[in-house]
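For reference, the structure is listed below as structure tokens.
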Amino acid sequence: MTIPLWIVIVLPIAKIVATSLSIGTGGSGGIFGPGIVIGAFVGAAIWRLADVFDLPGVPDDPGIFVVVGMMACFGSVAHAPLAIMIMVAEMTGSFAAIPGAIIAVGIASLLMSRSGVSIYRSQRLDREAAAAERAAAREQPS
């Protein structure tokens, strides 16, 4: 059984929106979990698209695409590409994903380095700081 294409395309977008709403409104939220999940969803979506178009060399199992997606997404937004590649290779017990991961993480890191944004500097300190920022924005004249 395969997952419908529209689901694997919608899932990463839904997770990004949910995480943005949670953290952006001052709610507590993790950084590691959403980064890994979003990367896994994007990897699965790329595998599914490659499977739909019947590209040569695409495996029957999306596992390698999911693992490389996790590494590329979180490694780039955390600005720790090498650490993430080593960590995920250790978690999976295989270094088979490293060649593809080097390319994917390299491209993702280059794209993120141009923006200068890190998830660690973008998140609010706590709920009170987020509430104070919202209150200050309301008091500002337009």
Side-chain angles (χ1 to χ4, degrees), residues 1-138 140 142:
M1 183 180 120
T2 59
I3 298 172
L5 179 60
W6 71 270
I7 289 178
V8 293
I9 291 175
V10 168
L11 283 176
I13 296 167
K15 183 61 178 170
I16 291 168
V17 169
T19 302
S20 300
L21 290 173
S22 174
I23 293 173
T25 59
S28 62
I31 299 170
F32 180 76
I36 292 291
V37 170
I38 291 165
F41 284 154
V42 170
I46 291 171
W47 171 82
R48 188 68 176 96
L49 285 169
D51 188 50
V52 165
F53 291 113
D54 201 27
L55 297 177
V58 176
D60 293 333
D61 181 38
I64 194 76
F65 280 77
V66 170
V67 170
V68 170
M70 285 190 258
M71 287 189 264
C73 181
F74 194 73
S76 63
V77 296
H79 295 289
L82 294 176
I84 296 299
M85 281 192 287
I86 292 170
M87 181 185 72
V88 175
E90 286 293 323
M91 286 171 44
T92 60
S94 171
F95 289 96
I98 296 297
I102 290 171
I103 296 167
V105 173
I107 291 169
S109 294
L110 284 173
L111 292 172
M112 286 302 296
S113 69
R114 299 186 137 232
S115 71
V117 177
S118 169
I119 56 174
Y120 295 113
R121 288 177 272 166
S122 300
Q123 199 172 24
R124 306 282 192 263
L125 296 175
D126 53 28
R127 287 179 190 230
E128 290 78 27
E133 287 179 17
R134 285 194 303 272
R138 282 191 297 259
Q140 297 271 342
S142 296

Rounded at 0.5 Å granularity, tell me how far [atom1] in [X] sits from [atom2] in [Y].
| X | Y | atom1 | atom2 | answer |
| --- | --- | --- | --- | --- |
| F65 | M70 | CZ | CE | 13.5 Å |
| F41 | I46 | CZ | CD1 | 14.0 Å |
| I16 | C73 | CD1 | SG | 7.0 Å |

Residues that [X] engages under side-chain contact (heavy atoms from CB on, under 4.5 Å), provided they are two or more places apart:
| X | result |
| --- | --- |
| I102 | M85, I98 |
| A50 | L55, V58 |
| A45 | V8 |

Looking at every non-hydrogen atom in both residues, tell me the closest pair between [X] and [Y] and how far apart they are.
| X | Y | answer |
| --- | --- | --- |
| I84 | G75 | CG1-CA, 3.6 Å |
| L5 | R48 | CD1-CG, 3.7 Å |
| A108 | A72 | CB-O, 3.5 Å |

Report yes if the side chains of F95 and E90 come closer than 4.5 Å at any heavy-atom pair, otherwise no. yes

Do the side chains of K15 and P34 get nearer than 4.5 Å, heavy atoms only? yes

Does I7 have more than 12 heavy atoms from other residues, nucleotides or ligands lying within 6.0 Å of its CD1? yes

